[in-house]
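Chain letters run A, B, ... following the sequence lines, proteins first and then strands; every chain starts at 1. Quick caveat: nothing in here was measured; it's all calculated off a predicted structure. Below, each value reflects all heavy atoms present in this structure, side chains not excepted, and no hydrogens, waters or symmetry copies.
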Number of protein chains: 2
Amino acid sequence: MRRVGSGAAGAPAPLDLEGLHVEVALRLASLDQRYTANRRAILEAIAHAGRPVTIPEILERAGGVPQSSAYRNISVLCEARVARRVAGADDHGRFELAEDLSGHHHHHLVCWSCGRVTDIAAFPRLEQALAEAARLAASETGYEVDDHRIDLGGRCPACLGAC
Amino acid sequence: MRRVGSGAAGAPAPLDLEGLHVEVALRLASLDQRYTANRRAILEAIAHAGRPVTIPEILERAGGVPQSSAYRNISVLCEARVARRVAGADDHGRFELAEDLSGHHHHHLVCWSCGRVTDIAAFPRLEQALAEAARLAASETGYEVDDHRIDLGGRCPACLGAC
DNA sequence: CTCAGTGCAAAGGATTTGCATGCCG
DNA sequence: CGGCATGCAAATCCTTTGCACTGAG
């Protein structure tokens, strides 16, 4: 589990767990939701992964949380804008910490062979061009554009090796 | 490589169905696959949609094709690089014609409220910045990057109205 | 005490697969 | 002919839900 693009090994973005929990509790509270042990476990599993994780991965990392609770709580965390659902190569749910909590805007590098997803840092130039494109697209289509996703696709080193 | 159609910017390029079928047959043949009636029906359904469609939508448009055949054939068409799977707001499969067949590189505008996906034209500046980002990401991660996807997210006019 | 959260099990949907048959090459 | 493609049905897999129970406020 490594992050690409920011910080030293192990502790990339200054993830202040304590502050994180406080903020999460706050956001949950605003929806009249509690910050329970299960939710903490799931939140930490996601926060520590450093890349989008699937439900099975969350279950492994959050040990002891039943599947149904994981699904239910992930859903709550997403509603509270604490987590975010992202799509990988396959059509199975992957989740990551909300960007305003993880502290760094990033995009994804997806291996279309094994489905692995790696975070990559955002590029200012890219963001700028994208913002412009979003404005134009919004005015052309009438959509209210408030988010974007950039995924690069390819094959990861492991899959390249297994060629 | 061939390009089908000659459309001006904005309007969907008029699809040359005949040439399209020839090219598709060719790509299938290279995988020792036949271009059967079902596959034609599915291909045309996708080609005419002008935006990523779900399996149910394909079934409607391709009338008479059984679900299992649709799934199996979509899979084959994707392997043959004739179709492409794209992810929408939910985690259900959406498919579109390969870009080198539809003739215009584009991105997607996804409504996270109703799941609708609208094609939007690509922006040169964005593509350029993206290419640069891809190069850098590849060298940092060891991935072989050969594809990208940009999705803008927001709410479509209909959903904005239903607010 | 009350209500949100929990956990189990069963339900639901989408997607995949086994198998006998049909059709193209 | 031989093998790929087909259709149907059954199997799988991921995800959601119903319901009774537990725990925090």
Chemist: Under a 3.5 Å distance rule, please check whether R27(B) uses its side chain to pair with a backbone N or O of R81(B) as donor and acceptor.
Modeler: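 Between the backbone of R81(B) and the side chain of R27(B) there is a qualifying donor-acceptor contact (under 3.5 Å).
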
Chemist: OP1 or OP2 of dA5(D) sitting under 4.0 Å from any side-chain N/O of R39(B)?
Modeler: yes

Chemist: Among dA5(D), dT6(C), dT15(C), find the nucleotide with the atom closest to the side chain of H92(B).
Modeler: dT15(C)

Chemist: Mind calculating the distance between CZ (R94(B)) and P (dT15(C)) to the nearest angstrom?
Modeler: 11 Å

Chemist: Check whether any side-chain heavy atom of Y35(B) lies under 4.5 Å from a side-chain heavy atom of L26(B), and answer yes or no.
Modeler: no

Chemist: Using a cut-off of strictly less than 4.0 Å, decide whether S69(B) has a side-chain nitrogen or oxygen near OP1 or OP2 of dG7(D).
Modeler: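 Result: yes.
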
Chemist: Provide, to the nearest angstrom, the distance between the CG atom belonging to L43(A) and the P atom belonging to dG5(C).
Modeler: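 Answer to the nearest Å: 15 Å.
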
Chemist: With side-chain hydrogen bond (donor to acceptor under 3.5 Å, both in side chains) as the test, pick out the partner of D119(B) among H107(B), H108(B), H104(B).
Modeler: H108(B)

Chemist: Specify the residue among T36(B) and I55(A) whose closest nucleotide of DNA chain D lies further upstream toward the 5′ end.
Modeler: T36(B)

Chemist: Among dG23(D), dC4(D), dC8(C), which nucleotide sits nearest the side chain of R34(A)?
Modeler: dG23(D)

Chemist: Return whichever of R85(B) or R72(B) has its heavy-atom-nearest nucleotide of DNA chain C closer to the 5' end.
Modeler: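 Closest to the 5' end, via its nearest nucleotide, is R85(B).
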
Chemist: Can R84(A) and D147(A) be counted as an ion pair, charged N to O under 4.0 angstrom?
Modeler: yes

Chemist: Flag the pair R125(A) / E132(B) as yes when at least one side-chain heavy-atom distance between them is below 4.5 Å, and no otherwise.
Modeler: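 Side-chain contact under 4.5 Å: yes.
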
Chemist: I need the CG-C1' distance between D32(B) and dG25(C), as an integer number of Å.
Modeler: 12 Å

Chemist: Please confirm whether the shortest side-chain N or O distance from Q67(A) to OP1 or OP2 of dC14(D) is below 4.0 Å.
Modeler: no

Chemist: At a heavy-atom distance below 4.0 Å, what parts of residues 108-117 of chain B sit against DNA chain D?
Modeler: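 DNA chain D contact set from residues 108-117 of chain B: none.
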
Chemist: Using atom CD1 of I42(A) as one end and atom P of dG5(C) as the other, report the distance to the nearest whole Å.
Modeler: 12 Å

Chemist: Taking the six-membered ring for Trp, are H148(A) and H105(A) ring centroids under 6.0 Å apart?
Modeler: yes

Chemist: Of the listed nucleotides (dC8(C), dG7(D), dA14(C)), which one gets closest to any side-chain atom of S68(B)?
Modeler: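 Minimum distance to the S68(B) side chain belongs to dG7(D).
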
Chemist: Roughly how many Å is it from CD in Q33(B) to C1' in dG25(C), rounded to a whole number?
Modeler: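 The answer, rounded to whole Å, is 14 Å.
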
Chemist: Find the distance E79(A):CD to dT16(D):P and express it as a whole number of Å.
Modeler: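 Computing the E79(A):CD to dT16(D):P distance gives 11 Å.
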
Chemist: Check whether any side-chain N or O of Y71(A) sits under 4.0 Å from OP1 or OP2 of dT15(D), and answer yes or no.
Modeler: yes

Chemist: Tell me the interatomic distance from L59(B), atom CG, to dG13(C), atom P, rounded to whole angstroms.
Modeler: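 Between P of dG13(C) and CG of L59(B): 16 Å.
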
Chemist: Please determine if E57(A) and R51(A) form a salt bridge, counting it only when a charged side-chain N lies under 4.0 Å from a carboxylate O.
Modeler: yes

Chemist: Rounding to an integer number of Å, can you tell me how far I58(B) CD1 sits from dA14(C) C1'?
Modeler: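 Going from CD1 in I58(B) over to C1' in dA14(C) covers 14 Å.
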
